[in-house]
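Input: a single structure, listed below in structure tokens.
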Amino acid sequence: VRKYFPRKNIAAILNGVDSGFFNPGKKDKQYLKEKYGIKFDKPIVAFVGTLQPRKRPNLVMEIAKNYQDMNFVFVGRNCAPWNFESQINRLPNTQWIPAMPRQDIAVFLASSDVFIFPGINETCAAVIVEAMASGLPVLASKSGGNGEMVQDESGFLIDITSNEIKLFIQKLN
């Protein structure tokens with residue numbers, strides 16, 4: 001673009017997000033409690049994304065099993081091979097919402113306490129930037145493009161190791 005418009009001031013903005021749509025001012029726990037039954041008796045760990053292997057919702061479930069001090073809310077449609085509904089109903093500190101309109105996702109993120117994204121091979125997960133614009137610290141796997149978005153001041157990147165569940169829990173603390 002700069003080649004064809006040499007006199008124009010052009011800036012490249014990677015992973016942009018509409019901060020008028022995603023921002024901390026959208027917080028409304030009462031609305032989410034009434035519409036979706038979200039329990040705010042403990043801090044909320046938010047996961048937004050399709051429930052498929054590369055996004056690793058199963059890892060978030062393992063973290064939830066081992067960390068009862070927070071409520072884990074998953075928003076996203078179920079994809080094979082997961083039988084997510086049967087897993088989610090076993091844990092008292094988890095909730096699954098299969099679908100949520102985009103405007104409610106903005107409210108949900110602003111009303112949560114932390115965003116978790118253990119996905120691998122994500123080149124540009126826009127939901128990470130949306131969560132940060134909503135005022136959330138982000139815990140993400142150190143994989144794909146996550147490192148371009150999550151910096152020390154916005155969250156933590158977790159190495160993908162056999163010890164990562166413990167590392168995620170340490171950072172939640």
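- Minimum heavy-atom separation, Phe115 to Ala46: CD1-O, 3.3 Å.
- Ile44 and Ser112 get closest at one heavy-atom pair: CG2-OG, 3.5 Å.
- Within the 4.5 Å cutoff, the side chain of Arg56 has heavy atoms near those of the Ile160 side chain.
- In this structure, Tyr36 and Asp104 have side chains that are in contact, with non-hydrogen atoms separated by less than 4.5 Å.
- Phe117 is listed as a side-chain neighbour of Lys55, based on a closest heavy-atom distance under 4.5 Å.
- Side-chain atoms of Pro137 and Phe156, non-hydrogen and from C-beta on, never get closer than 4.5 Å to each other.
- Once rounded to the nearest 0.5 Å, the distance linking CG of Leu172 with CG of Asp69 reads 9.5 Å.
- The CZ atom of Phe74 lies 11.0 Å from the CH2 atom of Trp96; values are rounded to the nearest 0.5 Å.
- For the pair Asn71 and Asn93, the minimum side-chain heavy-atom distance is below 4.5 Å.
- For the pair Phe47 and Gly49, the tightest heavy-atom approach, listed with the atom from each and the gap, is CE2-O, 3.7 Å.
- Ile116 CD1 to Ile158 CD1: the interatomic distance, rounded to the nearest 0.5 Å, is 8.0 Å.
- Under the side-chain contact (heavy atoms from CB on, under 4.5 Å) test applied with Ile97, the options Leu32, Val48, Val73 reduce to a single match, Val73.
- Two residues are said to be in side-chain contact when any heavy atoms from C-beta on lie closer than 4.5 Å; Lys27 and Ser111 meet this criterion.
- With sequence neighbours left out, the side-chain contact (heavy atoms from CB on, under 4.5 Å) criterion links Arg102 to Phe21, Phe22, Glu130.
- Atom CD1 of Ile169 and atom CD of Glu62 lie 9.5 Å apart (nearest 0.5 Å).
- If you take CG on Leu91 and CD on Gln68, they are separated by 7.0 Å, rounding to the nearest 0.5 Å.
- Side-chain atoms of Thr161 come within 3.5 Å of backbone atoms of Asn163 as a donor-acceptor pair (strictly under, hydrogens ignored).
- At a threshold of 4.5 Å between non-hydrogen side-chain atoms, the residues Glu164 and Ser141 count as touching.
- Once rounded to the nearest 0.5 Å, the distance linking OH of Tyr31 with CD1 of Ile38 reads 10.0 Å.
- Listed by chain and residue number, Asn173 satisfy the side-chain hydrogen bond (donor to acceptor under 3.5 Å, both in side chains) test with Tyr67 (two or more places apart in sequence, or in another chain).
- Other residues, nucleotides and ligands contribute over 12 non-hydrogen atoms within 6.0 Å of the NZ atom of Lys35.
- Crowding of Lys33 atom NZ: a count of heavy atoms from other residues, nucleotides or ligands under 6.0 Å not exceeding 12.
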